[in-house]
S.K.: 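The structure's right below; bear with me while I get my questions together.
Side-chain atoms are counted along with the backbone in the values below, which use heavy atoms only and exclude waters and symmetry mates. Order of the sequence lines sets the chain letters (A, B, ...), proteins ahead of strands, with each chain counted from 1.
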Number of protein chains: 2
Amino acid sequence: MESEARLEETLGLVRGRGFRITTARRAVLQALVLGGSHMTAEDLAAMVQKSHPDIHLSTIYRTLESMEEIDIVDHVHLGHGRAVYHLTTDTHQHLVCEVCGSVLETPSRTFEQLAIDLRSAYGFELRTHHFAVLGRCKICSTGATPPANP
Amino acid sequence: MESEARLEETLGLVRGRGFRITTARRAVLQALVLGGSHMTAEDLAAMVQKSHPDIHLSTIYRTLESMEEIDIVDHVHLGHGRAVYHLTTDTHQHLVCEVCGSVLETPSRTFEQLAIDLRSAYGFELRTHHFAVLGRCKICSTGATPPANP
DNA sequence: ATCTTTGCAAACTTTTTGCACCAAT
DNA sequence: ATTGGTGCAAAAAGTTTGCAAAGAT
C-alpha cells in the first residue's frame with residue numbers, strides 16, 4: 001500500500017525534527033494522506049474522529065500548525081474563511097469556482113511562467129500551491145452570469 | 001478634483017441600480033476612492049468615522065455587500081482572515097509577502113497569459129483582481145529563510 | 001523523570017443577523 | 001407614506017490560547 005509507506009515516511013520526518021509521534025499526529029497525517037488535499041480542519045477532525053473520537057479540533061489545529069512549522073503541511077485559503085490543508089508533497093494549485101465552489105487541481109507547472117515573470121519584474125518569489133485561484137469553472141462560466149472580467 | 005468626479009460617477013451607478021444614496025454609502029465609497037485598494041472593513045470604518053463617528057462597522061459591511069452585489073466593489077482575501085475591499089475600477093493584482101505582510105500591486109496584464117492558459121486547458125475563467133498572490137517579496141526572499149518552492 | 005502534547009473551556013477575530021428606529025425616495 | 005437602510009447588541013464561524021492532566025521519550 002502506497003499510502004501506508006507515505007505515512008511512515010512522513011512520520012519519520014516528524015521524529016527527525018525532534019517532534020514526538022502521538023496518536024493525534026499519526027491520525028491527522030493519515031487523514032491528510034488519504035483524504036486528498038482540500039481538507040479543512042473540520043473535515044480532518046471528522047475523519048480522525050471516526051477512529052479516535054476524543055481527538056479534539058484544537059488538537060487538529062495544533063498538529064497542523066506544528067506540521068507547517070517543519071514544512072510537512074501547508075495550507076491555502078480558498079477565499080471564504082476556512083483554510084484547507086495538504087501535505088507539502090502535493091504540489092498543485094487550486095482553481096476554485098466562485099459560483100459553485102468546485103475545486104479543480106492543476107499542476108504547479110501551469111504557474112511557472114508567472115513565477116518567472118514576477119521574479120524578474122519585482123524580485124517576488126511566488127509561493128505556488130499556497131494560494132487559491134478564483135474564477136469560474138467551465139460550467140458556471142458558460143451559464144447565465146458571464147464573468148465580469150476584462 | 002479627479003476623485004470627486006469618481007465618487008459622483010459611482011454614486012450615479014448606485015442610484016441607477018435602484019439603491020438609495022445614504023450618508024453611510026457616500027462615506028464608504030469616498031473612503032474607497034481616497035483610501036487605496038487594500039482597505040479592510042475596519043480601515044474603512046476608521047476612515048469613515050473621522051467625519052461620521054456613528055457609522056457602525058456593521059453598516060460598513062452591509063454597504064460593501066450591497067456594492068459588491070452591483071459590481072461596484074470587490075474584495076480579496078489576503079490570506080490571514082480579513083478581506084480587503086476595492087472599487088472594481090481598480091484592476092490590479094496584489095502580491096502579498098507572507099513574511100513581512102507587504103503588499104505590491106501589479107497590473108492585471110501580468111496575469112493575461114495565465115488566464116489564457118487556464119481558459120484553454122480547463123475552460124476556467126480567471127477572475128483576476130479577486131485573489132491575492134502569496135509569496136515572498138524581494139527583501140524577504142533574499143533574507144535568511146529561502147522560499148520553500150520548487 | 002522530563003518535557004511535549006492533549007483535552008477542555010474559554011477567549012479572540014472577523015463577519016453576519018434580528019429587530020426596532022430612522023431616513024431617502 | 002413607504003420601504004430600504006442603519007445602529008446596536010448579540011450570534012456565528014473559524015481559529016487560538018491557558019491550564020492542568022496525560023503521554024512520549
S.K.: In whole angstrom, what separates B:H56's NE2 from C:dT16's P?
M.R.: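 One finds 14 Å between P of C:dT16 and NE2 of B:H56, rounded.
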
S.K.: Establish, with yes or no, whether the OP1 or OP2 oxygen of D:dG5 is under 4.0 angstrom from a side-chain nitrogen or oxygen of B:T22.
M.R.: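 For D:dG5, neither OP1 nor OP2 has a side-chain N or O of B:T22 closer than 4.0 Å.
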
S.K.: Let me know, please, whether A:T59 or B:T40 comes out on the 5' side of the other along DNA chain C by nearest nucleotide.
M.R.: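 The residue whose closest nucleotide sits nearer the 5' end is A:T59.
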
S.K.: In whole angstroms, how far is the P atom of D:dT25 from the CZ atom of A:R17?
M.R.: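 Those two atoms, CZ and P, are 17 Å apart.
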
S.K.: Check the surroundings of atom CD in B:E105: do more than 12 heavy atoms from other residues, nucleotides or ligands lie under 6.0 Å from it?
M.R.: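 For B:E105, atom CD is crowded (more than 12 foreign heavy atoms under 6.0 Å).
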
S.K.: Any donor-acceptor pair under 3.5 Å between the side chain of A:R62 and the base of C:dG7?
M.R.: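 Checked by distance alone, the answer is yes.
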
S.K.: To the side chain of B:I21, which of D:dT15, D:dT25, C:dT25 is closest?
M.R.: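 Output: C:dT25.
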
S.K.: Can you tell me how far OH of A:Y85 sits from OG1 of A:T63, rounded to the nearest 0.5 angstrom?
M.R.: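 One finds 11.0 Å between OG1 of A:T63 and OH of A:Y85.
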
S.K.: To the nearest Å, how far apart are A:Q49 CD and C:dG7 C1'?
M.R.: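 Nearest whole value for this atom pair: 12 Å.
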
S.K.: Let me know, please, whether A:E65 or B:T63 comes out on the 5' side of the other along DNA chain D by nearest nucleotide.
M.R.: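 It is B:T63, whose closest nucleotide lies nearer the 5' terminus.
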
S.K.: Taking atom CG of B:L126 and atom CG of B:L118, what is their separation to the nearest 0.5 Å?
M.R.: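 Answer for the CG-CG pair, B:L126 versus B:L118, is 6.0 Å.
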
S.K.: If we count only N and O atoms by modelled type, under 3.5 Å, do the side chains of B:R119 and A:S141 hold a donor and an acceptor together?
M.R.: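 A:S141 and B:R119 do not have a side-chain donor-acceptor pair below 3.5 Å.
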
S.K.: Between B:R20 and A:F19, who's closer to the 5' end of DNA chain C by nearest nucleotide?
M.R.: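 Going by which nucleotide is closer to the 5' end, it is A:F19.
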
S.K.: I need the CG-P distance between B:L64 and C:dT15, as an integer number of Å.
M.R.: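 Going from CG in B:L64 over to P in C:dT15 covers 10 Å.
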
S.K.: Find the distance A:M67:CE to C:dT6:C1' and express it as a whole number of Å.
M.R.: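 Computing the A:M67:CE to C:dT6:C1' distance gives 14 Å.
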
S.K.: Could you check how far OH of A:Y61 sits from P of C:dA11, rounded to whole Å?
M.R.: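 Taking OH of A:Y61 and P of C:dA11, I get 19 Å after rounding.
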
S.K.: Check whether any side-chain nitrogen or oxygen of B:S58 sits under 4.0 Å from OP1 or OP2 of C:dT15, and answer yes or no.
M.R.: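 Negative; the distance criterion is not met.
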
S.K.: Using whole Å, what does the distance between atom C1' of nucleotide D:dG14 and atom CG of A:L44 come to?
M.R.: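 It is 14 Å, rounded to the nearest whole Å.
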
S.K.: What's the NE2-C1' distance between A:H52 and C:dG7, to the nearest Å?
M.R.: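 The distance from NE2 of A:H52 to C1' of C:dG7 comes to 15 Å, rounded to the nearest Å.
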
S.K.: As a test of understanding, state which of B:L44, B:V84, B:L64 forms a side chain to side chain contact (heavy atoms under 4.5 Å, CB included) with B:M39.
M.R.: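 Passing option: B:L44.
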
S.K.: Looking at B:R82 and C:dT15, is any side-chain donor or acceptor paired with a base atom of the opposite kind under 3.5 Å?
M.R.: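 Flag unset: no donor-acceptor pair detected.
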
